[in-house]
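As structure tokens, the structure follows; a few thoughts come after it.
For ligands, and for the atoms within them, numbers begin at 1 and follow the listed sequence.
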Amino acid sequence: MIAEHIKRVEENILKACIKSGRDPREVTLIAVSKTKPVEMIGQVYDNGIREFGENKVQEILMKQPLLPKDINWHMIGHLQTNKVKQVLPYASLIHSVDSVKLAACIDREAKKAGLTASVLLEVNVARETSKYGFYLEELEEALEIVKDFSGIQVKGFMTIAPFVTNSEENREIFRKLHQFYVDIKAKNIDNVNMSVLSMGMTGDYSVAIEEGATMIRVGTGIFGAR
Ligand SMILES: *Cc1c(COP(=O)(O)O)cnc(C)c1O
């Protein structure tokens, strides 16, 4: 069943790339394994997936030692400053930097640990009150501050689009963030290396890819319902 799911997602990635004239190698699939047991994650791993996303620090800490070491763990959920230190050694990319305060904390802890943390700034494009993240118009000012944090490197942006029944409704959201990503990339800001645009989930990843996503985060579409 899991193998079938992965195959279907990979086919859809290919279709969206063909439709939009993109190279499928530009799109990384992250399997969102939150709430799922390590046995299931192992099955997904056996089908060739090496990128896994979790939204809780405790889950990464619990699962990481039980699974192969070549897995890249993506922290995709809201991160509290008091958990930064614990998760840093295990998170290959933190997608959910939603405040300058959190960025400053990651910077501090990364320097203490002697590493550089790769991060994305989370953007609340649709301005939903229920969601975390910067508003688009706050991003440039945030980048101006964060660019001086030598313990982190900003690799791009992440967004969680609204829950919709027709994924076309999110196309404009993805397009907006992609345009902003391209604009920032062109500015070549120090310490900001725009190469990742994390957008699209089970319900809308095809549209997200068509609009320029380089990472998609798929949970239900691989693991089934939570
Ligand atoms: C849960 C989650 C996903 C995956 O959602 P699905 O709809 O199950 O694909 C993606 N991104 C984030 C930030 C999540 O929390």
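Look at Glu10 and Lys7 and you find no salt bridge, because none of the NZ, NE, NH1 or NH2 atoms lies under 4.0 Å from a carboxylate O. Salt bridge Lys34/Glu59: absent, no basic N to carboxylate O contact under 4.0 Å. A salt bridge links Arg175 to Glu172: at least one charged side-chain nitrogen sits closer than 4.0 Å to a carboxylate oxygen. Contact check on Asp107 versus Lys111 returns a salt bridge, with a Lys/Arg side-chain nitrogen under 4.0 Å from an Asp/Glu carboxylate oxygen.
Ala213 and Arg22 get closest at one heavy-atom pair: O-NH1, 2.7 Å.
For the salt bridge (Lys or Arg N to Asp or Glu O under 4.0 Å) with Glu211, the lone residue among Arg171, Lys19, Lys176 that qualifies is Arg171.
Within 4.0 Å of ligand 1, heavy atoms belong to protein residues Val32, Lys34, Ile76, Ile160, Met201, Thr202, Arg217, Val218, Gly219, Thr220, Arg226.
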